[in-house]
Amino acid sequence: MKKRVLIIASFLILACCHINNDPPLSNDEPFYFILGQSIASGQGYRDIHYPDQPPNTEYPFFYPLLIAGILSLLPHSVSGVKVLTALFGAGAILLLIRLCEQESQPQDHSSLAVPLLLSLNLWFVSLSAVVAPEIPYLCFSLLAVLAVERYSRRDTIFNASLFLAGAALAVSVFTKALGLSLLCASLLYLVLKKRFGQTLALASLTVIPFLLWLYRNSRLSQESVSLDYLGQILGGYQGLTLKSILSSLLYNISHYFRFFSQLLLPGYFLDHQSFLGISYFPSLYKAMNSWTFVPRGFSLFRLILIAGVSVLILYGVWGRLRRFRLMDIYALSYFSLLHIFPPEFCRTAGTRYLFSLLPFLLFYLLEGLKNLSPHLPILKNQGWKVLFPFLLIYNLLPLLSSAQGNLSYLIQSQSPSWNMEDHPFWLAKYFTAGPWVKENTPADSVIMCRFPPAFYLVSRRRTVFFHKWWWVPEQRTMEEIKAALLNRGVDYVV
């Protein structure tokens with residue numbers, strides 16, 4: 001019990017050292033925050049940063065609903081939302097401890113190794129201090145895995161475990177669209193165990209609400225399928241052919257194993273942090289070159305490192321084949337769902353979407369080493385004790401540097417909440433125009449810019465997307481450009 005408390009307390013301290021009140025400006029984070037503002041202000045589930053405030057049909061609603069709860073108590077408090085995300089991180093660690101104890105052999109003292117490594121992982125701690133759904137989804141998905149496992153051991157169909165499993169699955173799907181892989185894996189797991197009655201009962205509790213949400217979005221959506229709720233998944237499959245699928249498989253397999261190493265060894269692969277979409281985070285940017293123990297240009301060492309991590313993970317999965325459980329089916333289905341995405345998706349979002357598999361990757365890595373160590377006399381059946389300090393150092397040192405960088409940033413910055421000058425984010429100069437726009441334009445102005453939701457947060461003005469083709473002289477005359485601006489009611493262009 002003391003070890004569990006110590007692990008969770010250490011994580012919360014590190015996460016709090018990474019929290020600041022900077023607005024969420026990267027990737028999807030502004031959308032989630034704005035949707036939370038919309039719910040908290042009583043305007044419904046709408047994109048309130050657009051002039052016409054259309055209903056949102058693209059993003060799952062549960063994380064914005066949680067954000068709305070915080071903003072109802074603390075309006076405009078970005079740090080409050082980040083604290084909530086950190087608490088979900090602590091919940092994920094607690095659930096992972098329970099899962100590892102359940103999946104490990106009796107008297108296996110390494111069951112706390114995976115939760116400890118997760119709690120000190122740079123990606124995990126960093127994502128627990130930003131406005132992003134990855135950490136809440138990880139918490140809900142671990143809860144769902146435990147709940148469905150528990151439900152499958154019950155003899156009756158209708159019991160308390162059914163409603164807990166159904167609620168956890170539904171919340172997972174409504175937090176992140178890729179939660180569909182968990183829903184499918186859970187139903188498949190019950191079918192394989194010949195629990196057909198339980199399968200139908202669980203499907204009724206989860207599939208029906210999901211279909212109702214899809215119906216709502218299809219009725220409200222005015223765009224193509226790539227902008228509805230399933231667009232985050234189905235958009236990647238549009239126009240696929242057998243040749244493109246095979247090409248994507250070969251490309252993605254090689255790159256996803258490289259992403260595994262990035263997740264597990266951030267002390268070495270920290271220069272790839274942009275894949276996670278957090279390069280704007282000041283402390284991480286400063287830590288990016290602070291800790292590295294081998295030359296990054298030494299490609300042979302990097303190749304050996306990636307190959308070693310990949311072999312251990314695959315060997316750990318191989319050792320689980322005799323007792324394949326729900327966590328294994330879920331990890332396989334989640335990984336497979338990502339694998340036939342186009343290479344462009346893999347390059348831009350590979351590590352970020354693979355993050356949900358991080359606890360399972362750590363589990364398989366240690367399992368592979370424990371299974372392999374009896375065949376290597378030099379390890380003397382204690383392989384995990386050899387690898388554990390190595391992983392710990394490669395995570396803890398850059399993590400401490402990152403925490404120190406964020407604390408220094410908060411102390412030195414005169415206005416941490418909106419001081420974009422200190423941000424290393426490549427659009428920092430772009431967003432510095434936001435406060436100026438807020439002070440020098442009428443409140444009902446419409447601003448055209450490249451990143452409408454992010455610019456709305458720093459300017460508090462309605463925004464529309466910057467269409468680049470409007471400004472190409474060879475394709476558009478000045479009259480056409482003016483007509484297009486007037487048609488959208490644009491007052492200013494950034």
Side-chain angles (χ1 to χ4, degrees), residues 4-41 59-96 115 118-143 171 175-176 276-278 280-284 287 355-356 358 399-400 402-411 413 415-419 423 454 457-458:
R4 299 181 184 181
V5 173
L6 183 60
I7 291 174
I8 294 176
S10 301
F11 161 74
L12 286 175
I13 292 173
L14 288 169
C16 289
C17 290
H18 283 78
I19 290 176
N20 53 46
N21 203 43
D22 290 336
L25 301 178
S26 181
N27 294 318
D28 298 334
E29 286 90 332
F31 284 100
Y32 287 108
F33 193 81
I34 290 172
L35 288 171
Q37 288 181 326
S38 177
I39 297 174
S41 61
Y59 293 95
F61 66 84
F62 198 77
Y63 186 54
L65 190 63
L66 296 174
I67 294 176
I70 297 297
L71 296 182
S72 298
L73 300 174
L74 303 169
H76 307 298
S77 175
V78 182
S79 57
V81 177
K82 294 178 180 179
V83 169
L84 175 67
T85 307
L87 293 177
F88 276 109
I93 295 173
L94 188 61
L95 292 169
L96 183 61
L118 180 69
S119 67
L120 299 178
N121 183 274
L122 179 64
W123 303 121
F124 180 72
V125 175
S126 301
L127 275 178
S128 298
V130 298
V131 181
E134 276 74 19
I135 297 298
Y137 171 76
L138 181 61
C139 181
F140 296 139
S141 62
L142 290 172
L143 176 61
V171 167
T175 301
K176 202 173 177 185
L276 203 59
I278 54 177
Y280 65 90
F281 200 60
S283 57
L284 281 185
F355 173 81
S356 299
L358 178 57
L399 183 59
L400 293 177
S402 176
Q404 184 272 333
N406 186 62
L407 292 176
S408 299
Y409 167 72
L410 291 176
I411 294 172
S413 178
S415 179
S417 299
W418 301 98
N419 186 7
H423 273 263
L457 290 178
V458 295

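Just so you know, these numbers come straight off a predicted model, no measurement behind them.
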- Item | For G89 against S128, the heavy-atom pair lying closest together | CA-OG, 4.3 Å
Side-chain donor-acceptor contacts of residues 130-139 below 3.5 Å, not counting sequence neighbours, with atom names and distances?
residue : atom : partner : partner atom : Å
E134    : OE2  : R352    : NE           : 3.1
Y137    : OH   : Y330    : OH           : 2.8

- Y63 vs L35 side-chain heavy atoms within contact, under 4.5 Å: no
- Task: For residues K176 and S141, determine if any side-chain heavy atom of one lies less than 4.5 Å from a side-chain heavy atom of the other.
- Result: no
- Message: Tell me the closest heavy-atom pair linking F11 and A86, and the distance in Å.
- Response: CE2-O, 3.3 Å
- Query: Under a 4.5 Å cut-off applied to non-hydrogen side-chain atoms, are F62 and L66 in contact?
  - Reply: yes
- Message: For a quick test of reading the model, state the closest non-hydrogen atom pair linking L358 to F124 and the distance between them.
- Response: CD2-CB, 4.5 Å
- Query: Where is the tightest heavy-atom contact between T85 and L127, given as atom of each residue plus distance?
  - Reply: CG2-O, 3.7 Å
- Item | Non-hydrogen atoms of P115 and I7 that approach each other most closely | O-CG2, 4.1 Å
- Message: If we check side chain to side chain contact (heavy atoms under 4.5 Å, CB included) with V83, which of these qualifies: I70, I19, L74?
- Response: I19
- What's the spacing between L143 CG and L94 CG if we round to 0.5 Å? 10.5 Å
- Atom of A68, atom of G36 and distance for their closest heavy-atom approach: CB-O, 3.4 Å
- Note on the structure: Between the OG atom in S77 and the CD1 atom in I67, the distance rounded to the nearest 0.5 Å is 11.5 Å
- Distance from L14 atom CG to N121 atom CG, nearest 0.5 Å? 11.5 Å
- F140 vs F88 aromatic rings, parallel, tilted or perpendicular, using cut-offs 30° and 60°? perpendicular
- Message: I'd like to check P24 versus V78 (side-chain heavy atoms, cut-off strictly below 4.5 Å). Are they in contact?
- Response: yes
- Message: Regarding N21 and K82, do their side chains bring together a donor and an acceptor under 3.5 Å, going by distance alone?
- Response: no
